[in-house]
Amino acid sequence: MRIDVVGDTLCAAVTAAALAQTGHLVTWLLPEGHYWQSLQNDGEGYHEPGLMALVREQVEAKHLTIQAMGGLPGEPAPAVFMALQPGARELADAVLAWLVQRPGCEVLINQSVFPVGTTEELRQGMTERGEAIPVVCLPDTLQEGRALQGFTRPEHILLGCDDAAAEGMIREILRPFNRRQDVIQVMRPREAEFAKLAISGMLATRLSFMNDMALLAEELDVDIDVIRQGMGSDSRIGEAYLYAGCGFGGPGFSRDVMSLTDTLRSRRIDAELLEQVLQINERQKEVLFRKFWRHYEGEVSQRRVALWGVAFKPGSDRVDNGPALRLIEALWAQDVEIHVHDPLALPELARWADGRGPLVLHESSYDAVHDCDALMVVTEWKEYWSPDWLGLKGVMKVPLILDGRNIYDPSYVKSKGFQYYGIGRV
Amino acid sequence: MALPLHDTSMARQAEATLREHAQFAREWHLTDLFAKDANRFDHLNLRACGLLVDLSKQRVTLETLSLLRALARERGLDQWTQCLFEGRDVNWTESRPAMHWRLRESEAQAPEVHQQLALMERIVNRVHSGQWRGCQGDAITDVVNIGVGGSDLGPLMASVALHEHFPSVGRRPRVHFVSSMDGSQIAPLLDELNPATTLMVVSSKSFTTVDTLSNAATARAWLTGAFPDMNGAALRCHFIGVSAQPERMTEWGIHPDNQLQLWDWVGGRYSLWSAIGLPIALTTGMDYFRELLAGAHDMDRHFRDTPWEENIPVMQGLVDVWNLNFLNITARAVLPYDGRLKHLPAYVEQLEMESNGKSVTRDGATVKYHTCPVIWGEVGPNAQHAFYQLLHQGTQPVACEFIVAARHGRRNGNSAELQPLEDQHRLTVANCLAQSRLLALGESALPTNEEWPAFMHYRGNQPSTTIMLEELVPRQLGALIALYEHKVFVQAVLWGINPFDQWGVEMGKRIAKDMVQVLSSGKSTDELDASTRALADYVRQLQDI
């Protein structure tokens, strides 16, 4: 089948590549932004395991055509997927206008993260213009770092759809990914949108809960990691999303929670729990700074600090809303000299820091810690898990480790002559 | 230029002429003055710096004003004003200038002032961006201003007045004020606050004021008690000092980086423009604080450069003198018709009564006339339900001062959502105009020919000034406050007194020190008067239980 995918989100890229891989003839239409440029210039595009290789493979196999969105001149395919950046509502309206003007589309599948109710609004817009093309919602629940796998071997698929013909068509398109057992759950579009946000809200709540517990653990002299294992082994709770750390971020996660609180607030419901969740998270993003500040009793001006990892999670090049940014701002404000290492995210970080403040970026993680008064581990990249402790101690001015992801064994690190602070452990 | 003489034969002559004029004026009724001159408002309103000042409800004519100006000329107001702005020692009892106007000058004119403003801005921006850190590394959410008198009333008044103005970036902290020496303000406040996120501003020009230092000591005990392991950091991260005495700040424990300075040439009650105004800047952001200074600077230039006929501080000062010394109206009510100005009466009470509550002229003579009247006030609409009864039907003549903003000035004021609040503002302005009208005209303002019993009569003829702001924005508030400052100066010149000292306050401080000894040790009670001794003994008895 001919399929159009519109947008430049990770979800759009994964959708385009995965559908092409199953034999569809996919045209991927991108707005002419950063990703378009990168794809044009044979740049890196998306830092998602396996994704770019698959994209190139499908382009070569001529299953996948990449085009600029432009004025959307062509004839639309029978199925149009739309995975736009959050808030890009005007692009959604442009797509709508295109489908109304040029016949051919039989179903519009909205994957963009817009406020709850948007899919139904788009459908309404379609009807007002005299077109009865169904609009359904297939919320983007992909996790960065395992997005491709998440799309092709999903544990569940939420489908917001109230049109039998459209549902049949979607089921046909998703059939190769839905073989072992039927994981598609059909609900109303607004329910699918809401469920997606509620998932993010619940996960965020678990993380903030654990971070709150971590504070208590420090006071009570217990290790939060032991508590985590104890909790996780209870089947009613499960093990996922129980890691205390220096705060969650990323382009999607905190944005979803914010969107949910906004929705609650716009309906005049106090989003008390979620606001606390976000507030705890914002506080948590500065937790390494606070430990650093307390260690030096507030005398931190002119000191030198190394950050290992600035990506909001390992495997990603994105820094959006991540703890590293809050940390860097706090350090800047106290005139601390900042040295940074990250295997992937330095270009994104440099873009963000441009015009805000000075950073020294390092290719080598050991160069970054040279002469430093503290090392802050912000992202748990695999390469940080087992450093050369002797070498580290040799180059650091003060052997002080602030472990924002609890990736080290405190007693071992201390035995190597370091002062160590983790999250929720003494 | 030397300070001009107060009591000259020409001055005496000018005053005698005014007294003659006053003989007639005492018989005037405002109703008749308005009836006689249809253009009375046009002749008797002044406009400058965004303010409209209506003197037409004062019991004056153009002739009165002209005679008052003649008296001012003979009292040397021109030269005095010149001396003020030249930085001469107009504060003659303490041999120093009074240069609050300098705090409002440009960077080129007053570099040392702007250096302190820059330090202040750094602090303000750090707090607003969440980057001023408590000793635990937390962002500051609450600021407590510890000060009294000029270090309290001015910042409190302006912070509340400008509360609807938010910093352009970042988030402002909650700003609290504690002043009372008995700890009754600070104790419940500390119960509510989190020491990790609270910043104390200890404000005292001399840094010896016992009220302030006792509150500051309580705050210090609270913070060091909360963080016993890090006393150095607790002091360094949670205390800012504002004073003209850096070495005393250091001695007390304020870190040199956290010290803001003012100068001996600023009186405490004239100091909200300096770093003493830190709570204002923390409330509004530095941009609005600079607007406040700009508005005051507008008024400085207006006062210094405008001919007296159109000069608001001069004319208002003269009219106040007229009411007090020639019409014998010894009380004045300050009545803001705007809840945001609720602390203005207390501020004006201090500014005027501490400045002009004096009775000795420069040559050491005791004055034979009234100086500062008794001043009190309250938010107008609330006062209508409190003491307006006395204004309308009591026996005391009272001069009133109405302060009101024509527009509330809130953003999106036209939106449907804010319409109820805009209506409330209109209602308030209507009440302001109605009250000044009724006070002036009495029952002739009422549209009825009915016969009323005596107890329902309104005699009217209570004079008032209406000061109307276009809207309550920092610039116009700055001009309004500077107007009061300069008006006080004009009156002091007319009365021949020094508005910049406060010797009457000093002695009480000293005696209180001895009294503490008496209460704690019981010693030297023999030297006390019978009343004080008995009271002190009684307190000691009850304390011993």
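In what follows, chains are A, B, ... by sequence order, proteins preceding strands, each numbered from 1.
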Is it true that, when you exclude [X] itself, more than 12 heavy atoms of the residues, nucleotides or ligands shown sit nearer than 6.0 Å to its [atom1]?
| X | atom1 | value |
| --- | --- | --- |
| A/Lys397 | NZ | no |
| A/Tyr420 | OH | yes |
| A/Glu90 | CD | yes |
| A/Glu272 | CD | no |
| B/Phe166 | CZ | yes |

Next on the checklist: For a side chain to side chain contact (heavy atoms under 4.5 Å, CB included) check, start with the C-alpha distance between B/Gln131 and A/Trp332, then their side-chain angles and the critical distance, and finish with the verdict.
Outcome noted: CA-CA 9 Å; B/Gln131 301 293 7; A/Trp332 273 336; over 6 Å; no

Checklist entry - Is A/Glu297 salt-bridged to B/Arg236, going by a charged N under 4.0 Å from an acidic O? => result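 So A/Glu297 does not pair with B/Arg236 through a salt bridge.
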
Next on the checklist: I'd like to know if the side chain of B/Gln136 pairs up with that of A/Arg294 as donor and acceptor (distance under 3.5 Å, no hydrogens or angles considered).
Outcome noted: yes

Item to check | Short side-chain to backbone donor-acceptor contact, A/Trp293 and B/Asp138, under 3.5 Å | outcome: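 No; judged by distance alone, with no hydrogens or angles, the pair does not exist.
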
Checklist outcome for this item: Distance col, row A/Glu299:CD vs B/Cys237:SG, nearest 0.5 angstrom, shows 8.5 Å

